[in-house]
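Lettering of chains follows the sequences in order, A, B, ..., and the numbering in each one begins at 1. FYI, side chains are in, hydrogens and waters are out, and symmetry mates aren't considered; it's all heavy atoms of this structure.
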There are 2 protein chains.
Amino acid sequence: MKIDPRHLEILAAIVDNGGLTEGAEALGKSQPSISRTLSQLESRIGAPLFHPGRRPLKATELGLSLAAQGRSVLEATRVAGQIVDRYRTGHTGLVRVAGTPVFMDGVVAGIIARFQQHMPDVLVEQSYGYADALIDRLRNATLDLAIIPLQQGQVPDDLRFQPILPGLNVIACRNGHPLLRRKSITLSDISQYSWIAPPTNSPLYRDLQRALAKIGAKDFRINFSGGSLASVVSILAGSDSLTVLPYSVVFEMKNQNQISALTLEIGHPDRMLGVLSKETPDKNPAGERFKSFVISQFESLSRRINQHRQEQLWR
Amino acid sequence: MKIDPRHLEILAAIVDNGGLTEGAEALGKSQPSISRTLSQLESRIGAPLFHPGRRPLKATELGLSLAAQGRSVLEATRVAGQIVDRYRTGHTGLVRVAGTPVFMDGVVAGIIARFQQHMPDVLVEQSYGYADALIDRLRNATLDLAIIPLQQGQVPDDLRFQPILPGLNVIACRNGHPLLRRKSITLSDISQYSWIAPPTNSPLYRDLQRALAKIGAKDFRINFSGGSLASVVSILAGSDSLTVLPYSVVFEMKNQNQISALTLEIGHPDRMLGVLSKETPDKNPAGERFKSFVISQFESLSRRINQHRQEQLWR
DNA sequence: CATCTATATAACATCATGTTATGAAAATAG
DNA sequence: CTATTTTCATAACATGATGTTATATAGATG
């Protein structure tokens with residue numbers, strides 16, 4: 001015999017709360033509703049679930065057995081409700097985030113780590129890519145958030161770009177690099193060192209070219225190209241090579257005492273690092289929560305960077 | 001958020017059976033019904049439970065979590081249905097049975113033991129009483145079955161009496177009693193032994209009086225009165241006293257080699273031992289099952305008694 | 001690309017569930 | 001024992017969910 005699980009819930013509520021009135025209260029329903037459901041259930045089963053005429057209500061053996069099952073149903077729905085609530089408040093779910101490799105490794109990875117300390121049940125799925133590909137993925141809903149440098153004019157109408165940091169690049173070198181001891185750096189100082197180049201299709205590579213053009217270096221040696229941030233940093237730290245990195249990345253890595261930035265103006269690209277997402281986001285509470293966390297973390301990073309630069313100026 | 005347990009059941013069925021169609025089949029409902037319930041649930045939750053557009057259907061993480069709860073609901077309702085089914089088929093429940101003390105102890109207790117070997121989950125609540133009290137209890141539904149000796153004329157209209165055994169009484173004595181060696185027994189043989197009397201308000205006591213009157217004994221000594229069957233038998237076995245017992249009781253006890261019956265005609269009361277119950281029984285499947293078991297056991301007892309008596313005649 | 005199969009939608013009937021108002025009965029107090 | 005209070009049952013009605021069949025649509029498959 002198939003029994004409606006809601007009837008079992010109601011039975012459990014009556015038994016566990018000691019009466020129709022209390023049971024109805026506990027379920028947030030009216031007492032007559034509960035009363036009728038109970039009679040209905042009893043007549044279907046063909047046996048009393050409570051000893052008739054006795055008050056306070058005392059369940060029969062059968063009533064008690066069924067109430068035990070009702071308790072189990074109640075617990076399952078409670079847990080289910082909790083799962084949904086956690087999902088809707090973004091405490092659970094899946095966030096798919098992507099960005100340019102160097103930013104993801106150098107800055108965003110740390111932000112994700114901090115996010116997961118608060119939201120351990122959110123699964124963050126990270127991947128890499130550049131603007132065009134990520135815009136496609138945002139559009140076909142295989143990505144929730146892109147963290148990329150972008151020019152304001154490049155932002156499509158159906159997407160929303162929230163800029164965070166100016167696209168500030170620096171020349172990076174190992175800690176203790178000879179150039180760091182110079183008060184002022186000339187082109188000839190630089191030209192004796194070779195360069196580590198980012199992947200040629202990356203914005204950073206174009207930045208490198210632009211930076212070198214700006215400071216007048218026509219002829220430069222590249223002794224390493226491609227590779228993720230970790231390899232770049234390793235090579236940088238173990239040699240006197242130079243490279244171009246976003247300042248934020250160098251800033252975040254300064255605790256590790258491996259690399260530093262030359263105080264040489266190389267001109268900023270006309271871009272902002274920012275968060276790109278759908279104008280009308282698909283409902284993904286965890287994604288929304290992650291997005292605002294990322295933005296707040298970037299704001300905090302931005303403040304720390306500005307503060308640091310001011311301190312540098314004071315010297 | 002409160003979630004309908006039936007929706008969880010449906011979700012679990014879809015996930016576990018690999019599709020809407022199969023899930024609908026498993027639940028015995030139509031596919032469109034399931035389909036709509038699913039969309040409803042998804043729109044209420046505000047998130048897809050299945051990855052859209054992929055066939056075969058693949059549940060999201062959220063969908064899987066909720067389906068797990070649905071499985072638990074499904075299991076609870078399954079168990080509940082089973083509990084009800086067992087109740088309705090009389091495999092579970094409560095049977096309240098009562099009867100005259102000597103019969104209950106001497107015959108019915110054994111029947112109950114055999115019943116419980118087949119139906120271990122039926123709780124049998126046994127009590128003692130005589131006709132009037134038991135009739136009252138049957139009427140106010142505090143008793144399911146009375147097993148008592150009754151005259152046909154005494155049966156109330158609202159009750160049903162199913163006679164089983166004739167009210168045959170015998171004079172009982174210990175095994176090896178001197179009287180058992182006599183070919184024929186006279187009044188003076190008997191009068192030298194004293195009597196064990198049942199409780200004075202019992203039918204058996206009146207039977208004793210009638211029996212003694214029948215055989216002409218006006219003056220008899222009673223050296224024990226009251227007590228349950230167990231004490232009566234103990235005293236009987238340890239002395240040369242006599243008493244009156246239903247033949248069926250003595251018959252059932254003959255394996256124990258403690259007591260025997262004198263082959264002395266003492267006249268039967270105008271009663272039948274039988275099963276008394278409501279004409280229109282309150283729905284108690286276990287009670288019905290027990291009742292028919294009792295009747296069949298009595299019939300078997302009746303056959304064995306008759307067979308035994310025939311064998312005695314042949315000697 | 002055509003066909004097949006599975007899912008979604010439409011339209012409709014009905015039953016269960018919810019409500020409030022009120023009656024009946026058991027328990028409790030005086 | 002009677003009066004009061006509490007608790008459960010019933011009535012009457014509105015509505016929403018669930019079920020049905022028929023049919024359209026969209027992935028999957030050859």
Side-chain angles (χ1 to χ4, degrees), chain A residues 1-45 47-60 63 67 70 73-74 77 80-81 140-142, chain B residues 1-45 47-60 63 67 70 73-74 77 80-81 140-142:
Chain A
M1 183 186 199
K2 172 64 181 167
I3 293 185
D4 191 324
R6 290 174 308 171
H7 294 179
L8 294 177
E9 284 187 340
I10 289 171
L11 176 60
I14 297 172
V15 169
D16 293 346
N17 294 281
L20 290 189
T21 311
E22 295 86 341
E25 169 120 15
L27 293 174
K29 303 186 193 293
S30 70
Q31 170 267 321
S33 176
I34 300 296
S35 171
R36 190 183 36 191
T37 302
L38 178 61
S39 343
Q40 235 170 236
L41 184 58
E42 283 183 326
S43 73
R44 270 193 212 174
I45 290 178
L49 268 12
F50 292 89
H51 294 136
R54 292 227 75 74
R55 225 141 54 174
L57 244 45
K58 199 69 202 160
T60 62
V73 173
L74 229 30
T77 54
N140 70 20
T142 61
Chain B
M1 183 186 200
K2 172 64 181 168
I3 294 186
D4 191 325
R6 290 174 308 170
H7 294 179
L8 294 177
E9 283 187 340
I10 290 171
L11 176 60
I14 297 172
V15 169
D16 293 346
N17 294 281
L20 289 189
T21 311
E22 294 87 341
E25 170 116 14
L27 293 174
K29 302 188 194 292
S30 70
Q31 171 267 319
S33 175
I34 300 295
S35 172
R36 189 184 37 190
T37 302
L38 177 61
S39 348
Q40 236 170 238
L41 183 58
E42 284 183 325
S43 74
R44 270 195 210 173
I45 289 179
L49 267 12
F50 292 90
H51 294 294
R54 294 223 76 73
R55 220 140 59 174
L57 245 46
K58 197 72 202 157
T60 61
V73 173
L74 229 29
T77 55
N140 69 22
T142 60

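- Considering CZ of A/Arg44 and OG of A/Ser39, their distance stands at 11.5 Å, rounded to 0.5 Å.
- Shortest non-hydrogen contact noted between A/Ser35 and A/Leu20 is CB-CD1, 3.9 Å.
- Judged as a side-chain hydrogen bond (donor to acceptor under 3.5 Å, both in side chains), the pairs with a partner in residues 6-30 of chain A (not counting sequence neighbours) are, in order, A/Asp4-A/Arg6, A/Glu9-A/Thr77, A/Glu9-B/Lys2, A/Asp16-A/Arg71.
- Spacing between atom CD of B/Glu25 and atom C1' of C/dA6 amounts to 14 Å, rounded to whole angstrom units.
- Each end of the helix from C/dC1-D/dG30 to C/dG30-D/dC1 gets its own axis from five base pairs, and the two axes differ in direction by 50°, given to 10 degrees.
- Minimum interatomic distance between A/Leu8 and B/Ala80 (heavy atoms only, all atoms of both residues): CD1-CB, 3.7 Å.
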Do nucleotides 11-22 of chain D as a string where each nucleotide becomes B, S or -: B if the base has a protein heavy atom under 4.0 Å, S if just the sugar-phosphate does, - if no protein is that close.
-B----SBBBBB
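- The two residues A/Leu11 and A/Gly63 make their nearest non-hydrogen contact at CD2-O, 3.6 Å.
- A/Ala12 and A/Leu74 get closest at one heavy-atom pair: CB-CD2, 4.1 Å.
- Applying a 4.0 Å cut-off to non-hydrogen atoms, the residues of residues 12-21 of chain A that approach DNA chain D are A/Gly19, A/Leu20, A/Thr21, listed by residue number.
- In terms of heavy atoms, A/Ile34 sits closest to A/Ala24 at CG1-CB, 3.4 Å.
- For the side chain to side chain contact (heavy atoms under 4.5 Å, CB included) test with B/Ile10, the passing option among B/Leu27, B/Leu41, B/Val73 is B/Leu27; the others fail.
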Can you build the contact string for nucleotides 24-30 of chain D? Use B for base contact, S for sugar-phosphate-only contact, and - for no protein heavy atom under 4.0 Å.
--BBS--
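- Between A/Phe50 and A/Ile14, the shortest heavy-atom contact is CZ-CG2, 3.5 Å.
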